[in-house]
Amino acid sequence: SPLVGGEQISSIGRGLCVLLGISLEDTQRELEQMVRKILNLRVFEDESGKHWSKSVMDKQYEVLCVSQFTLQCILKGNKPDYHMAMPTEQAECFYNNFLEQLRKAYKPELIKDGKFGAYMQVHIQNDGPVTIELESPTAAVDPKQLTKLEKQQQRKEKTRTKVPSESSRERNTPRNKDDPSASSGAEGDVSSEREP
């Protein structure tokens with residue numbers, strides 16, 4: 001559940017929490033590929049308890065999307081550099097399009113989102129925990145022709161897909177461990193807005 005100014009603006013139960021980092025190089029093609037991959041990723045158990053068998057659509061679970069430009073970080077020494085992230089105005093349009101495509105491909109009422117451009121605290125209770133990094137495909141290039149920086153700049157739209165757990169009421173064993181990323185200053189505290 002993302003919070004803005006201490007107020008909860010969205011939340012889901014079981015499902016996927018998608019942290020979306022949009023690259024300067026991302027296009028409609030990458031957007032459509034990532035929507036398909038997220039909705040079809042088999043990370044849930046089936047009725048017999050077999051793991052890695054069912055997708056979020058198979059289970060009719062929810063999807064929470066949060067924009068996170070910091071996923072496009074390139075380190076220069078010890079300093080984060082975000083020049084590969086798409087500029088705010090363009091990224092907001094891309095993010096809204098991403099949500100629209102998710103809703104068209106799935107069920108609109110099961111797609112939730114954070115508040116673009118706001119500083120958010122994101123509380124995630126992971127089931128496992130399970131965190132899977134998805135990266136949209138890049139064009140085939142001879143790696144021998146690439147410099148180290150160019151290899152870093154090949155990073156495309158990155159997402160981190162987290163699988164929130166059921167509440168302790170839904171399971172026999174309580175799960176009270178908060179995801180470390182939900183604490184202040186950690187990866188889960190998401191800001192879509194570049195702070196000075």
Side-chain angles (χ1 to χ4, degrees), residues 1-4 6-23 33-75 80 82 85 95 98-99 102 105-107 110-116 118-137 155-192:
S1 60
L3 287 83
V4 176
E7 180 183 350
Q8 182 174 296
I9 59 169
S10 190
S11 68
I12 62 169
R14 289 219 74 185
L16 298 176
C17 179
V18 177
L19 305 180
L20 178 69
I22 306 168
S23 163
Q33 288 173 330
M34 296 308 291
V35 165
R36 285 196 299 271
K37 181 62 74 174
I38 288 164
L39 293 178
N40 289 287
L41 191 66
R42 292 185 296 175
V43 293
F44 298 102
E45 69 279 357
D46 65 14
E47 294 71 21
S48 65
K50 182 181 178 183
H51 295 293
W52 318 112
S53 302
K54 297 292 183 179
S55 71
V56 70
M57 288 199 300
D58 292 333
K59 301 290 281 187
Q60 294 293 289
Y61 287 163
E62 297 170 286
V63 179
L64 173 64
C65 295
V66 178
S67 177
Q68 186 173 357
F69 77 89
T70 57
L71 288 173
Q72 290 299 331
C73 171
I74 294 175
L75 286 178
Y82 301 112
Y95 175 68
F98 179 78
L99 291 169
L102 276 174
Y106 191 24
K107 293 184 175 181
L110 296 181
I111 305 297
K112 309 290 179 67
D113 65 308
K115 185 176 180 182
F116 188 92
Y119 178 81
M120 286 178 284
Q121 289 186 312
V122 181
H123 294 270
I124 305 169
Q125 187 176 7
N126 274 357
D127 190 354
V130 175
T131 300
I132 296 172
E133 186 172 299
L134 302 178
E135 188 170 348
S136 58
R155 291 166 55 129
K156 300 290 283 182
E157 172 188 328
K158 279 206 163 183
T159 67
R160 289 185 185 275
T161 304
K162 295 181 178 287
V163 186
S165 70
E166 296 173 280
S167 69
S168 56
R169 290 190 300 273
E170 295 170 316
R171 292 233 181 178
N172 293 330
T173 306
R175 295 176 182 269
N176 296 320
K177 293 182 180 178
D178 291 331
D179 181 48
S181 65
S183 62
S184 179
E187 185 180 80
D189 285 343
V190 179
S191 172
S192 303

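These figures come from a predicted structure and were not determined experimentally. Quick note: residue numbers are just sequence positions, from 1.
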Task: Atom NZ of Lys59: over 12 foreign heavy atoms under 6.0 Å - done: yes

To the closest 0.5 Å, what do you measure between [atom1] ([X]) and [atom2] ([Y])?
X      : Y      : atom1 : atom2 : answer
Cys65  : Lys112 : SG    : NZ    : 11.5 Å
Ile124 : Leu64  : CD1   : CG    : 8.0 Å
Ile111 : Leu99  : CD1   : CG    : 8.0 Å
Leu134 : Met34  : CG    : CE    : 4.5 Å
Cys17  : Gln125 : SG    : CD    : 12.5 Å
Gln8   : Ser1   : CD    : OG    : 4.5 Å

TODO: Give the C-alpha distance, both sets of side-chain angles, the deciding distance and a yes or no for side-chain contact (heavy atoms from CB on, under 4.5 Å) between Asn126 and Thr131.
DONE: CA-CA 8 Å; Asn126 274 357; Thr131 300; 3.7 Å; yes

Contacts of [X] that satisfy side-chain contact (heavy atoms from CB on, under 4.5 Å) - sequence neighbours left out:
X     : answer
Asp58 : Lys54, Ser55
Arg36 : Glu32, Gln33, Asn40
Val4  : Ile9, Lys115, Ala118, Met120

Task: Side-chain donor or acceptor of Glu62 paired with backbone N/O of Gly13 under 3.5 Å - done: yes

TODO: Look only at the side chain of Gln72 and the backbone of Tyr82, and say whether a donor-acceptor pair between them is shorter than 3.5 Å.
DONE: no

TODO: Let me see the working for Tyr61 and Val43 under side-chain contact (heavy atoms from CB on, under 4.5 Å), right down to the final yes or no.
DONE: CA-CA 12 Å; Tyr61 287 163; Val43 293; over 6 Å; no

Using side-chain heavy atoms (C-beta onward) and a distance below 4.5 Å, is [X] in contact with [Y]?
X     : Y      : answer
Tyr95 : Ile22  : yes
Glu45 : His51  : yes
Leu3  : Tyr119 : no
Val63 : Ile12  : no

Open item on the list: Applying side-chain contact (heavy atoms from CB on, under 4.5 Å) to Asp46 and Trp52, what does each step give before you reach the verdict?
Closed with: CA-CA 8 Å; Asp46 65 14; Trp52 318 112; over 6 Å; no

Task: Val56 versus Tyr106, closest heavy-atom pair with distance - done: O-OH, 3.1 Å

TODO: Determine the minimum heavy-atom distance between Pro2 and Ser10, stating which atoms define it.
DONE: CD-O, 3.1 Å

Open item on the list: Under 4.0 Å between a side-chain nitrogen and a carboxylate oxygen: does that hold for Arg14 and Asp127?
Closed with: yes

